[in-house]
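See structure below.
Chain naming here is simple, since letters A, B, ... match the order of the sequence lines and numbering starts at 1 in each. Values in this document were obtained by computation on a predicted structure and should not be read as measured data.
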Amino acid sequence: GQQVMQIPQYQHVQEGEDFTTYCNSSTTLSNIQWYKQRPGGHPVFLIQLVKSGEVKKQKRLTFQFGEAKKNSSLHITATQTTDVGTYFCALPSGSARQLTFGSGTQLTVLP
Amino acid sequence: DTAVSQTPKYLVTQMGNDKSIKCEQNLGHDTMYWYKQDSKKFLKIMFSYNNKELIINETVPNRFSPKSPDKAHLNLHINSLELGDSAVYFCASSQGMVFRSPLHFGNGTRLTVT
């Protein structure tokens, strides 16, 4: 089955510091999605990456898809307390009929 | 005008009981899912349901049974609840194949089995 590793599992940063989470797959991906889950909330879709080497930005968030389409990263510049939550990558699996989530990175931002 | 709604929000019950969680989406999506999130935040697909085709994650015990009366509803029935079933259960929906459309999640049902 689809193997996906997401690191780190936990990250504590001081407000204003940068943060990056990485997602690595054992196989080439057709696309990858990223979700954010606030504490006590539900996962919310952030973005989808499809093209090799693709880079997309949403304000302070930068998403990258590797050239070989086997890895992806989410980088947050100058974290704020509103960035607190768990960030998940998600990959299509089972002939693209299901989405397999990475283990998530729980981000804590200290004021 | 909640997009994906599930009830109840909290469910506390004893081992051995049978319970159901309901999910409804008003997005007009044709595919619905159930995910289980454990205490370590791992999100695991349990079922997906599209046009009466049910795709089951093979690791899900057969005590769990999804029921879809129509494409806007996907309920989850659990028989003979066990302590290990305690988790947050999320319903989600999407339009078509997941690589074309993101998932929209409900607010979750926190199940506690005592």
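Under the 4.5 Å side-chain heavy-atom criterion for Ile, Leu, Val, Met, Phe, Trp and Tyr, B:F42 and B:Y35 are members of distinct hydrophobic clusters. A:V44 is not connected to A:W34 by any chain of hydrophobic side-chain contacts under 4.5 Å among Ile, Leu, Val, Met, Phe, Trp and Tyr, and they are in different clusters. Linking Ile, Leu, Val, Met, Phe, Trp and Tyr whenever their side-chain heavy atoms come within less than 4.5 Å puts B:F64 and B:L81 in one cluster. In the hydrophobic cluster analysis, where Ile, Leu, Val, Met, Phe, Trp and Tyr join through side-chain heavy atoms closer than 4.5 angstrom, A:M5 is grouped together with A:Y22.
In this structure, A:Q33 and B:S101 approach most closely via the heavy-atom pair NE2-O, 3.7 Å. When every heavy atom of A:L99 is checked against every heavy atom of B:I45, the shortest pair comes out as O-CB, 4.4 Å. When all heavy atoms of B:L103 and A:Y35 are compared, the pair lying nearest together is N-OH, 2.9 Å. The nearest pair of heavy atoms linking A:Q106 to B:K40 is NE2-O, 4.0 Å.
Heavy-atom contacts from other residues, nucleotides or ligands closer than 6.0 Å to CD of B:Q14 number 12 or fewer. Other residues, nucleotides and ligands contribute over 12 non-hydrogen atoms within 6.0 Å of the CG atom of B:D70.
Atom CG of B:L43 and atom NE2 of A:H42 lie 12.0 Å apart (nearest 0.5 Å).
Annotation: maximal heavy-atom pairing with chain A below 4.5 Å, among B:K44, B:H104, B:K41, occurs at B:K41.
Aromatic ring centres of A:F45 and B:F105: separated by at least 6.0 Å.
Looking only at side-chain heavy atoms (C-beta outward), B:F90 and A:Q37 come within less than 4.5 Å of each other.
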